[in-house]
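Below is one structure, written out as structure tokens, with a few remarks after it.
Letters A, B, ... mirror the listed sequences (proteins, then strands); counts begin at 1.
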Amino acid sequence: MHDNSIPLHDGAVANILRACTGAKVDFHFVEQIHAKIIRFGFCTSPHFCNPLIDFYLKNEFVDSAIQTFKSMGTGDSVTWVAMISGLSQNCREVEAILLYREMRKLGVFPTPYVFSSIISACTKIDFFDLGEQLHALIIKWGFSSELFVCNSLVSLYSRCGNLTFADLIFSEMQCRDKVTYNTLISGFAMRGLTEKSVQLFEKMQSESLKPDGVTVASLFGTCASMGDLHKGMQLHSYAIKAGMCSDIIIEGSLLNLYVKCSDVKTAHKFFLDTQTHNVVLWNVMLVAYGQMGELLDSFHIYSQMQIEGLQPNQHTYPSILRTCTSVGALDLGEQVHTQVIKTGFQPNVYVCSVLIDMYAKHGKLETALKIFRRLNEDDIVSWTAMISGYTQHDMFSEALKLFEEMQERGIRSDNIGLASIVSACAGIQALSQGRQIHSQSIVSGYSSDISIGNALVCLYARCGCVMEAHLLFEKINPRDNVSWNGLISGFAQSGMSEEALKVFSQMIQAGEEANMFTYGSAVSAAANLTKKNLGKQIHARTIKTGYDSETEVCNVLLTLYAKCGCLNDARRVFVDIPQKNEISWNAMITGYSQHGYGRQAIELFEDMKRLQMMPNHITFVGVLTACSHVGLVEEGISYFKSMSEQHGLVPKQEHYACVVDVLGRAGQVCRARSFVESMPIKPDAMVWRTLLSACTVHKNREIGEVAAKLLLELEPKDSATYVLMSNMYAVTGKWDYRDRARQLMRDRGVKKEPGRSWIEVRNSFHAFFVGDRLHPLADEIHQYLEDLNERVGAIGYVQDRSSLWNDLELGQKDPTAYIHSEKLAVAFGLLSLPNVIPLHVMKNLRVCNDCHNWMKSVSKVVDRTIIVRDAYRFHHFQNGICSCKDYW
DNA sequence: CTAGGGTTAG
């Protein structure tokens, strides 16, 4: 036609261009036609130009299309649709939307074609609100039963997560096609509603619609998230028979299937067999090695893809960064971060959320916050990553503050977000806030969510709500060992150790598998109750199950033995820890300290520094206590100074109290006083109590009165305050003042906590009060005590009656009625236990002076080590002397 | 002239 100079005919041009669109025709050929159209003056004619625009847009010549469109004037409705859908298909969705606005302004009526295109554009860039507004217009214009329009609406609601609505539109459609099914199938699959997705696939087949490549690709996704390799492989065969496997998207979804079903071998083989230059395949392999924790292989993939000319994209970075996060390779993660910046992916939400998570998880919360604040998007994952980062680093109030900010901004949290904020509440025992979030989670439809359920169980247990914790625990179905651990650790941490151990034994009986968290909590509960034998049994279990090499478990075992007074066992655990961390060192130092082994504690601290371990606040409490035990005054002061000068630590009240103890024990009461007066923070009750007890030992009434006065102001309800005060007056001979202190206590209605001692004999605990005769062996115990008193009297022990607390005790006619509980416990222990093992006695208050002297003598006459844990410290009585060197 | 699919984060 061209050669014979036959004039242009619109139908012919349209047909030629349509033919060009599908075939790979040289652009210049089309340009020649375009030139002819212009030359013959048809450049405003929709008949000629619409096919031209369509050709340009389908072949990515967007600018040529826009140019053609601009020269046309208004065009017809087909022109607008071609432009709008074409722009949308070329990732220029915003321009498509703007063009739609212009079209409406010019009064051009929208057609179903326009609506399906524009809804699709909105869906692609998450303009869901606009999409919903357009839905209203669709109803108004009467297009709501058009197949293509409905398909685009199903897609819109699927993508924005409103599957209920998508399903509703689907069910109200009079006729559906493959696209309708495919759209909803992938919608369900993406939201993890795998069962619904499979059901729909079956329904589709019952309506004789043959699955195509799109269906299969979506279903591979469904199988992948269900972990159903078998069904996935059946589909794979189907895809091979149907000849779909060369499809680039099928390839990606198939590889993903094998990776998610943990068949990395098949996946890798498949990956090597693929021929396409497809970045998705590399990204999926990155996920494969990441989920196995193979950092080296991940980085090999990451660099190899770049060598082969593929650039990392917004999917690549999150995968590699997540692997860096989970294996703890922060340094490599930071390098990837620089590459993110260089390649311009920093504004991407996905990339940012992983960066936030990485920095937050590794304690770099300020860096995480910077990225988070710069992101400036209402992205729930980033908020959650930030919140849980705070929670993981015990910054619970920061977590709660951020959560409040999030709610003020109107961002709705999902199950993962709610679970992490509940954990934050558990961390600071914010019970009422936790309850509010509990109800919020029910309202949001998460009442059967296991992550929230587990977090709530932990919250209620930590807040001591035994009933609620158990009720919630019962409701979780199916339970996992996180549920059990939450209950056990919650009770253990809220001091309900008995309850924790009860649940632990139920867990074992239920055949549930305990892990390091379970053992950690159970051992810590046993340690709090100083249940040495039970602790040993749990220790045996950890050895059997191999958890005895976990540092965290070892640290608690060490503490258990130290708290039970078995320092040798504690030491053995410490020596055998394969990878000691700061907590291990702290626990051992503290253990030595509490038992009065100051030298060993200080030596260990020096070792710790040599090994470049970072001492923290707890380390220094141990070290300073050790100094006070050994009487290392100047060393103690210099260690105290080193806290801020060398280790960047700000001393807390307990450190000041330790220094006061160091000075007080050495008899430097005046120096202790001026030390307290020079404190940069307001001294708390602990500091004054320490000073007061130093004054009691060294009979310094002047300073003692100052300390007592301030202590009375700070803790007027604490009986220990009055006891200390009264003792201070007693030792300085001010009997009238002592009586006044006691009177004051009575007037204020403060009751002395009854003294109580207990001892473990053959797996059961025997507890005693003052003058107790309730024990079945009471007669034998008292008889034995009389013998014992004769024997200690023979080596010079004389009872010190000033230690007896009240007139009642002093005025008792029956002298056996005021025998202190620790004496009874010791007598019972000596009667009941083989005479080689040391006695371990626990007491809830401080041991009194008389009992202390008595124990020293007893340890000598019966030749036994007696270890007493009172409210303050351990006393090891051996051969007539005590490890506390008579200062406590 | 219109609609649907794969890989990434807490």
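- Within the structure, salt bridge (charged side-chain N to carboxylate O under 4.0 Å, His left out) pairs that include any residue of residues 137-161 of chain A do not occur (at least two apart or interchain).
- The existence of a salt bridge linking K269(A) and D273(A) is excluded, since no basic side-chain nitrogen approaches an acidic carboxylate oxygen closer than 4.0 Å.
- By the side-chain hydrogen bond (donor to acceptor under 3.5 Å, both in side chains) test, H362(A) pairs with no residue at all, sequence neighbours left out.
- I301(A) places its CD1 atom 18 Å from the P atom of dT7(B), with the value rounded to the nearest Å.
- Among the protein residues, Q89(A) comes within range of the sugar-phosphate backbone only, with heavy atoms under 4.0 Å from sugar or phosphate atoms but none that close to a base.
- Counting to the nearest Å, the P atom of dT2(B) and the CG atom of L134(A) are 18 Å from each other.
- Protein atom CE of M173(A) is 15 Å distant from nucleotide atom P of dA3(B), rounded to whole Å.
- As rounded to whole Å, 18 Å separates atom P of dA9(B) from atom NE2 of H337(A).
- A salt bridge links E334(A) with K364(A): at least one charged nitrogen is closer than 4.0 Å to a carboxylate oxygen.
- Ranking dC1(B), dA3(B), dG6(B) by closeness to the D177(A) side chain, first place goes to dA3(B).
- Atom OH in Y390(A) sits roughly 19 Å away from atom P in dG10(B) (whole-Å rounding).
- Residue contacts shown for D76(A) are absent, as no nucleic acid heavy atom lies under 4.0 Å away.
- Contact annotation for I248(A): base contact, defined as any heavy-atom pair under 4.0 Å involving a base atom.
- Checked by distance alone, S152(A) brings no side-chain donor or acceptor within 3.5 Å of a matching partner on the base of dA3(B).
- Donor-acceptor pairing under 3.5 Å, judged by distance alone, is absent between the side chain of S117(A) and the base of dT2(B).
- Taking the charged nitrogens against the carboxylate oxygens, R373(A) and E405(A) do have a contact shorter than 4.0 Å, which makes a salt bridge.
- Side chain of V179(A), nearest nucleotide from dG10(B), dG6(B), dA3(B): dA3(B).
- For DNA chain B, the neighbouring residues in residues 361-370 of chain A, judged by any heavy atom under 4.0 Å, are K361(A).
- Minimum atom distance to the side chain of R159(A) is reached by dG5(B), of the listed dC1(B), dA9(B), dG5(B).
- Residue ring and base: Y113(A) counts as stacked with dC1(B) (centre distance below 5.5 Å, interplanar angle below 30°).
- Side chains of N454(A) and S451(A): a donor-acceptor N/O pair is absent below 3.5 angstrom, by distance only.
- The side-chain hydrogen bond (donor to acceptor under 3.5 Å, both in side chains) search around T180(A) returns N151(A), D177(A), not counting sequence neighbours.
- Between I250(A) atom CD1 and dG6(B) atom P the separation is 11 Å, expressed in whole Å.
- Across all strands shown, G213(A) has heavy atoms under 4.0 Å from base atoms, whether or not it also approaches the sugar-phosphate.
- Between the OG1 atom of T79(A) and the CG atom of L52(A) there is a distance of 11.5 Å, given to the nearest 0.5 Å.
- In this entry the distance linking CD1 of I249(A) with C1' of dG5(B) reads 5 Å, nearest Å.
- For S253(A) against dG6(B), no side-chain N or O and base N or O form a donor-acceptor pair under 3.5 Å.
- At a threshold of 4.0 angstrom between heavy atoms, the contacts of S116(A) include nucleobase atoms, whether or not backbone atoms are also involved.
- Taking the side chain as every heavy atom from C-beta outward, S144(A) and V149(A) never approach each other to under 4.5 Å.
- Remark: N278(A), V280(A), N283(A), V284(A), V287(A) in residues 277-291 of chain A come within less than 4.0 Å of DNA chain B through at least one heavy atom.
- Expressed to the nearest 0.5 Å, how far CD1 of I320(A) lies from NE2 of H315(A) amounts to 15.5 Å.
- The R322(A) side chain lies nearest to dG10(B) when the options are dG10(B), dG5(B), dT2(B).
- Across all strands shown, D414(A) has heavy atoms under 4.0 Å from base atoms, whether or not it also approaches the sugar-phosphate.
- With dG5(B), dG10(B), dC1(B) as the choices, the nucleotide that has an atom nearest any side-chain atom of A217(A) turns out to be dG5(B).
- A donor N or O paired with an acceptor N or O is not found under 3.5 Å between the base of dG6(B) and the side-chain atoms of D247(A).
- Using a 4.0 Å heavy-atom criterion, one finds that K124(A) contacts no nucleic acid atom at all.
- In this structure, the CG atom of N50(A) is 11 Å from the P atom of dT2(B), given to the nearest Å.
- Among the atoms of the strands shown, none is found under 4.0 Å from any heavy atom of I185(A).
- Closest contact between the side chain of V78(A) and the listed nucleotides dG6(B), dC1(B), dG10(B) involves dC1(B).
- Every residue meeting the ring pair (Phe, Tyr, Trp, His ring centres under 6.0 Å) condition with F372(A), not counting sequence neighbours, appears here in chain and number order: W383(A).
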